[in-house]
Amino acid sequence: MINTQGSLLSGRNLERRFGGLLAVSELDIDLYPGEILGLIGPNGAGKSTTFNILSGFYRPTGGELHVLGEACTGSSPTKISRRGLVRTFQHGSLMPSMTVRDNILLGTMHQLSGRRRRKRVSRAEETAEMLGLSNYLQEIAGTLPHGLQRLVSIGIAFATRPKILCLDEPLTGLNYTEASSALQVLEKIRSDFNCSILLVEHNMKAAMKICDRMVVLHHGKPIATGIPEDIRANDEVISIYLGKRDDT
Amino acid sequence: MANYKIQSWIIFGVLAVLTSLYFSNLYAASIVSSVAIAALLAGSLRFVMLIGELNFAIAAFVGIGAYSAGVATTMLDISFFLAIILSGIVACIISVIFGSITLRSGGPYFLLIGFAFTEAMRIMFSKMEVLGKTSGMIGIFPPLWLDDWLSLSAVIICLILLFALYAIEKSQFGIILRSIRDNPDVTRTVGVNVLYWKVACFSVASFCAGVAGALQAFSNNVISPGDFSYLLAVFVLAYVKVGGESSIAGSILGAVFLVLLGEFALSMGAGEHIFYGSAIVIAVLFMREGIIGIVFSVIGRIRITRTAKESRA
């Protein structure tokens, strides 16, 4: 039995192998209540594989996974999501041919199943309002600009009112204004709903700003864990991922 | 509240019933029944398209429905309406078993499995002694008092089921079904059991296919394995594609249009298979949204010109 005290999501010694390729190994991860944890690393570091393991899309070839205290190693995505861990995808995390309203309504379907339609609709509308999508409810999601589509995909996931929200590069392709408003939304989700967030992000400035802690992956293994200031100062992280200016 | 377009349904229903009352002579009545059955089949095929799958097994379930009705009427002496419901239920139960195994796959794989199932069922029908082997079953008559009203009953039953399909599509379950088509992964991540809903959708569609099969058995009085080959599925696909798959009205329109045109083609001695094949090709090449798409765009244009005139005036 692993020690998962206080942690909502905990992975111990997680490993995923694709034939001869070891995509993720020796990964210990903990996410605490109300925390925003960043998962960073260069391309091919195993961030998306980690996400797929945590959300049940890949069965780990080794290690253990606990979600809210329950063993979920190898559980299906549906089961893990019903436990309270909901994720978004890097690409196309919405239903392009449906309206924004129906997209967000989908998020309420399981959790509020058996409840009245009005209840679901009001949850969807409340979610849309929080994300600033109220004016786009009747628009077809696939026709919206990229930034709004990202918000819709967060909206679908957040409409389930998860305990843990895993966001795969939510800020990619957003301009400065869009990114900062998206960050505000994430802050609000964390503070108002006590939702913990696991974030994969390439936008280092934004990630450093919002994350409480960070895990740096390289070749599928964690090479550093800690608060953003420590990560920024970590020599190994600098040499592998962040880089250094010549004049400093 | 979802907009169920009740008025359009009532107008359409009354028209359909009046048509079936008007054409009471034997031949015309059989065409009316064929049209109603074709429309129900098109609605059923399109319903499975909501989850993004092309259901070529539909012909097998029509066959299962028809043979169930045959067995129920000629061997078990079950009454007409009960036999029809029973046929739907048999098709539905088999579809739940078939669906829970095969709907784990999707796309071209599911299509091929459906195709294979249809052929397997056809061969099974033609080998079973009790089902009359290749010559099929005969003497599937509706009760005497219903003889003159058979086409009307067929129209009413098909209308009820088509409206049920439409209501499900418009309800919140419709959102789940369309989400599965658009993005099954996201649907899974919000806690929806995708396989369960796929099977549910498939079984509802198969119930309708079974009922359609039973109606076909009663209106033809004779069934044979050849009636339920994959060609039937191709015909139904033609109804949906030509009519337009964006709405259920399109599928109904396609069925009405092609069945009537098919009758016309038969009277000219043309091979209807070539006719249906070319109908699909023409629809896919020149009218992607089908007939209903053209109708909607014409209505849209009229509205735009009208508003433009009003704003000028």
Side-chain angles (χ1 to χ4, degrees), chain A residues 51-52 54-57 76-99 101-121 124 140-142 152-162 165-168, chain B residues 1-4 46-54 100 103-107 166-201 240 244-248 250 288-290 292-293 296-297 300:
Chain A
F51 249 51
N52 284 331
L54 297 178
S55 56
F57 278 85
S76 71
T78 309
K79 190 183 167 203
I80 289 184
S81 124
R82 289 179 181 183
R83 285 291 298 161
L85 183 154
V86 179
R87 68 168 292 183
T88 64
F89 294 84
Q90 204 170 329
H91 303 292
S93 202
L94 43 70
M95 278 61 75
S97 76
M98 290 161 55
T99 61
R101 185 171 172 279
D102 287 355
N103 265 275
I104 300 177
L105 260 176
L106 177 75
T108 68
M109 286 296 175
H110 174 67
Q111 217 213 4
L112 295 180
S113 59
R115 305 279 185 88
R116 289 203 167 275
R117 182 194 180 102
R118 210 179 328 123
K119 187 126 189 162
R120 292 188 206 150
V121 172
I140 300 295
V152 173
S153 62
I154 296 176
I156 299 167
F158 183 61
T160 64
R161 294 292 182 268
L165 189 58
C166 297
L167 304 173
D168 201 348
Chain B
M1 192 60 199
N3 178 12
Y4 286 109
R46 184 180 165 276
F47 195 67
V48 181
M49 281 179 169
L50 289 181
I51 56 167
E53 303 297 351
L54 193 51
S100 0
L103 280 166
R104 290 166 201 271
S105 70
Y166 172 76
I168 296 175
E169 184 189 338
K170 284 285 166 186
S171 77
Q172 301 218 344
F173 302 125
I175 295 179
I176 295 182
L177 301 184
R178 282 179 290 135
S179 305
I180 292 173
R181 176 193 61 198
D182 263 24
N183 203 330
D185 282 342
V186 169
T187 314
R188 228 168 253 134
T189 59
V190 296
V192 173
N193 186 339
V194 168
L195 181 65
Y196 171 86
W197 283 104
K198 278 169 108 174
V199 173
C201 168
V240 175
E245 56 185 292
S246 60
S247 79
I248 198 162
R288 297 297 290 271
E289 303 287 316
I292 200 80
F296 282 156
S297 77

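A note on names: the letters A, B, ... follow the listed sequences, proteins ahead of strands, and every chain is numbered from 1.
Contacts between A:Ser55 and chain B at a heavy-atom distance below 4.5 Å are absent for every atom of the residue. With a 4.5 Å cut-off on non-hydrogen atoms, A:Leu94 touches chain B through its backbone but not through its side chain.
At a threshold of 4.5 Å between non-hydrogen side-chain atoms, the residues A:Met95 and B:Val186 count as touching. A:Phe89 has its side chain within reach of B:Thr189: a pair of non-hydrogen atoms, C-beta onward, lies under 4.5 Å apart. In this structure, the side chains of A:Ser97 and B:Arg181 come closer than 4.5 Å at one or more pairs of heavy atoms. Side-chain atoms of B:Gln172 and A:Arg117, non-hydrogen and from C-beta on, do get closer than 4.5 Å to each other.
Enclosure of atom CZ in A:Phe57 by more than 12 non-hydrogen atoms of other residues, nucleotides or ligands within 6.0 angstrom is indicated. Enclosure of atom CD in B:Glu289 is not indicated, since only 12 or fewer non-hydrogen atoms of other residues, nucleotides or ligands lie within 6.0 angstrom.
Just one of B:Val190, B:Thr187, B:Ile176 meets the side-chain contact (heavy atoms from CB on, under 4.5 Å) condition when paired with A:Met109; it is B:Ile176.
Looking only at heavy-atom pairs under 4.5 Å with chain B, the residue among A:Arg83, A:Arg118, A:Arg82 that has the most is A:Arg82. Note: A:Asp102 leads A:Asp102, A:Val121, A:Val86 in heavy-atom pairs under 4.5 Å with chain B. Chosen from A:Gly56, A:Pro96, A:Ser76, the residue pairing most often with chain B at heavy-atom distances under 4.5 Å is A:Pro96.
Across all their heavy atoms, A:Ser81 and B:Gly191 have their closest contact at OG-N, 2.8 Å.
In this structure, the separation between CD1 on B:Ile175 and OG1 on A:Thr108 is 7.5 Å, given to the nearest 0.5 Å.
In this model, no donor atom of one side chain and acceptor atom of the other lie less than 3.5 Å apart for A:Thr78 and B:Asn193.
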